[in-house]
Protein chains: 2
Amino acid sequence: MGVTLKELAASLNLSPTTVSRALNGYPEVNAKTRKRVRDAAERANYHPNTRARSLATGRTHAIGHVIALSDSHEIVNPVFADFIAGAGEAYSRAGYEMVLSMVPDSDEAQAYRDMIARGAVDGMIVHGPKLNDPRIALLTQLGVPFVVHGRSSGVDAPYSWLDINNNRSFRRATEFLLQLGHRRIALVNGLENMDFAMRRRNGYLQALHEAGLTPDPALMRQAEMTEVFGHSAATELMRLPDPPTAFLSSSMLVAYGLRRALVDQGCRMGRDVSVITHDDDLSYLPNGRDVPLFTATRSSVRDAGRKAAEMVLSLISAPGQGPLTCLMETTLIVGESTGPAPGSRPRDTARQ
Amino acid sequence: MGVTLKELAASLNLSPTTVSRALNGYPEVNAKTRKRVRDAAERANYHPNTRARSLATGRTHAIGHVIALSDSHEIVNPVFADFIAGAGEAYSRAGYEMVLSMVPDSDEAQAYRDMIARGAVDGMIVHGPKLNDPRIALLTQLGVPFVVHGRSSGVDAPYSWLDINNNRSFRRATEFLLQLGHRRIALVNGLENMDFAMRRRNGYLQALHEAGLTPDPALMRQAEMTEVFGHSAATELMRLPDPPTAFLSSSMLVAYGLRRALVDQGCRMGRDVSVITHDDDLSYLPNGRDVPLFTATRSSVRDAGRKAAEMVLSLISAPGQGPLTCLMETTLIVGESTGPAPGSRPRDTARQ
DNA sequence: TTGAAAGCGCTACCAT
DNA sequence: ATGGTAGCGCTTTCAA
């Protein structure tokens, strides 16, 4: 492969020790020698062997991400890719590598154990936390620095996390639709054993509750967040005797399927029906018709990935600090023409 | 971290040598001893340290993927995530790790060099090849086993690749639309310095040519494959004096933006206008209205990732073999009600 | 300011 | 069938 330290040292008539020190910025090395070494290293395209270095130092300069494959929506979800892109960016800036492990979700816990036991990573990011997620206790017990993307309700012990304020996001979106006069608002959610989905539902319920409305279970759906689900959910919901006039969607893919179903049924977006979705950015639409609110845009997800990566790196370099947390607020963007047009469809109440 | 081989050996009153041999399935070890060792390893949750092992063997059991970040559509593209998922699956089955490196695309070549020079990977997958892509010569020269996802026109030296038959795919899609009577077919393509995009355009042009039609440059668009692009392209194309009656899209995200724009302008999918897109799977639609053809579905992309991974692994384990290649054909799925309805919009010709 | 040598955890060669 | 030992490429005491 590449040149080794020993070879480089020999070519310079220096000891490996000195060369190592020169390259790693140790102060005791002569400025002249250092320059000589640096130049030679550059010319020879010398890069220290990661494996050897980490064997010697005990640090791998790698962060692990485990993806459970049966959560097929997880990896397929474009939002996931954005998060990974952001994290990867932060890693490479810091000279870290990202190790991705895709496993059948039955092997998930073992995948975490393995990565650690084999000394493959210095830290980990936990994706898609569920309620009471056992991975948090596992990693804590193993003593690995880690950051959860999301939180896990039911886990009491402290841990580091970065999350979007899902509750607030959906509460606000619901309030907004209520203000527009909507009374039948459908919630097309992710699986509610996922922590984020539960928080979103709670936000939705809270808003309804505060408006003195009783939630209709028929309007609440949950499943893996795919276009297929969005499509079938919308189709079925519109067949109800008293169909919803607005939809809250948990994912851009769901929203795509959902809008498609609505359109095929002749609904006009933003007139006959309103759709608000999380994790999407339709700001290019001329007047934000059915997207009065972006609860999180693509680029904010990338920011989240970057931020989460920086958090693990920080935990690694300064092990003393307590758990780090970061709650990201979402952005409200209201287009010009938002609710359904008056009278375009029977409605419980007049709009403001 | 975990237990070491030495510790395990000590606890068994055996030499590290024997334990290593027992665990690695060397034949000369006593069956009884082997069982004893295996059990103890299991109990202690022993996993050999990857770094130490690869230092000793010279093999890392890792495959590298470099993603150039300014190609923002590349990672954001859900299809990319599917490919990675498929590859990751194959890796973990084979006991390999996936190392992902996200770099600003100015550093791309160096990122490849680095990964190799630092001995971080045994092989690589090259993503998003452009015309005459220099990475192929680079990796060949470095002597690393690698597989290209796609091909690079202009590169003469042989190399291993896996590609979808983009030319044929788009030729067939175009022919199909021509048969339906369409004469003005828009091509909403990826950037044409990307090899796949050029092949798709060629397929489109060939079909037009064979039908005796002259391509209209005004109907051909290329840009990064985002919804934003799809939306603006469709909007602008529909403003033409003689707008297209059908669209060929290179990506599901583009198609989403594109359909959205069409719908907002009052077009009815599959009646006023037809849309065919690559890399999407809308088979859940009731009658496949505007999706008569899937040139590649999500799951086929995952298969491609799996297959590409298996190819690199094979190159690594059997270095002798010549370049491996794999051309995947796409699937034609025609829905019940495909072209625009007769007379719904001015048309050059009657439909069949 | 520089170098020699030990050792990180493992495999592989050479003995026994 | 089992063990001793060298060495993978690097960092890091300890000496000079």
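In what follows, chains are A, B, ... by sequence order, proteins preceding strands, each numbered from 1. These numbers were taken from a predicted model, which means no experiment stands behind them.
Atom-to-atom, OH of Y26(B) to C1' of dC13(C) comes out at 11 Å; the value is rounded to the nearest Å. The CD atom of E28(B) sits 16 Å away from the P atom of dA15(C) (whole-angstrom rounding). With rounding to whole Å, L23(B) atom CG is found 15 Å from dT2(D) atom C1'. Computed from coordinates, the N49(B) CG to dT11(C) P distance equals 10 Å when rounded to whole Å. Atom NE2 of H61(B) is separated from atom P of dC8(D) by 19 Å (rounded to the nearest Å). One can place CZ of R59(A) at 18 Å from P of dC10(D), the figure rounded to the nearest angstrom. Rounded to an integer number of Å, the gap from L55(A) CG to dG7(D) P is 17 Å. dG9(D) atom C1' lies 18 Å from atom CZ of R53(B), rounded to whole Å.
Phosphate proximity of dG9(D) to Y46(A): absent, as no side-chain N or O sits under 4.0 Å from OP1 or OP2. Close to dT11(D), at under 4.0 Å from its OP1 or OP2, lies no side-chain N or O of T17(A). In this model, the phosphate group of dT11(C) is approached by a side-chain N or O of S20(B) to a distance below 4.0 Å at OP1 or OP2. Close to dG3(D), at under 4.0 Å from its OP1 or OP2, lies a side-chain N or O of T18(B).
In the set dC10(D), dC8(C), dG9(C), the nucleotide with an atom closest to the side chain of K6(B) is dC8(C). Minimum atom distance to the side chain of V29(B) is reached by dT2(D), of the listed dT2(C), dT2(D), dC10(C). When the nucleotides dG7(C), dT11(C), dT2(D) are ranked by their closest atom to the side chain of L14(B), dT2(D) comes out on top.
Using cut-offs of 30° and 60° on the angle between ring planes, the pair F83(A) and H149(A) is parallel. Between Y159(B) and F146(B), the angle of the ring planes stays under 30°, which puts this pair in the parallel group of the 30/60° scheme. Below 30°, between 30° and 60°, or above 60°: for Y96(A) and H61(A) the angle between ring planes is below 30°, a parallel geometry.
Ion pair D39(A)/K35(A) flagged as a salt bridge, since at least one NZ, NE, NH1 or NH2 atom sits closer than 4.0 Å to an Asp/Glu carboxylate oxygen. Between R93(B) and E89(B) there is a salt bridge, since a side-chain N of the basic residue sits under 4.0 Å from a carboxylate O of the acidic one.
Here the shortest heavy-atom pairing between D105(B) and A68(B) reads CB-CB, 3.4 Å. The minimum heavy-atom distance linking T60(A) with G119(A) is given by the pair CG2-O, 3.1 Å. Of all the heavy atoms in V148(B) and P129(B), the pair that sits closest is CG1-CG, 3.7 Å.
Both A52(B) and P27(B) sit near DNA chain D, but only P27(B) has its closest nucleotide nearer the 5' end. Nucleotides of DNA chain C nearest to S15(A) and N24(B) differ in position, and the one nearer the 5' end is that of S15(A).
For the helix from dT1(C)-dA16(D) to dT16(C)-dA1(D), the terminal axes (five pairs an end, C1' atoms, rotation from four pairs onto the next four) enclose an angle of 40°, given to 10 degrees.
Backbone-only contact: T33(B) has heavy atoms under 4.0 Å from sugar-phosphate atoms and none from a base. Residue contacts for R51(B): at a heavy-atom cut-off of 4.0 Å it reaches no nucleic acid atom on any strand shown.
Looking at R118(A), its side chain has no donor and acceptor atom pair within 3.5 Å of the base of dG9(C).
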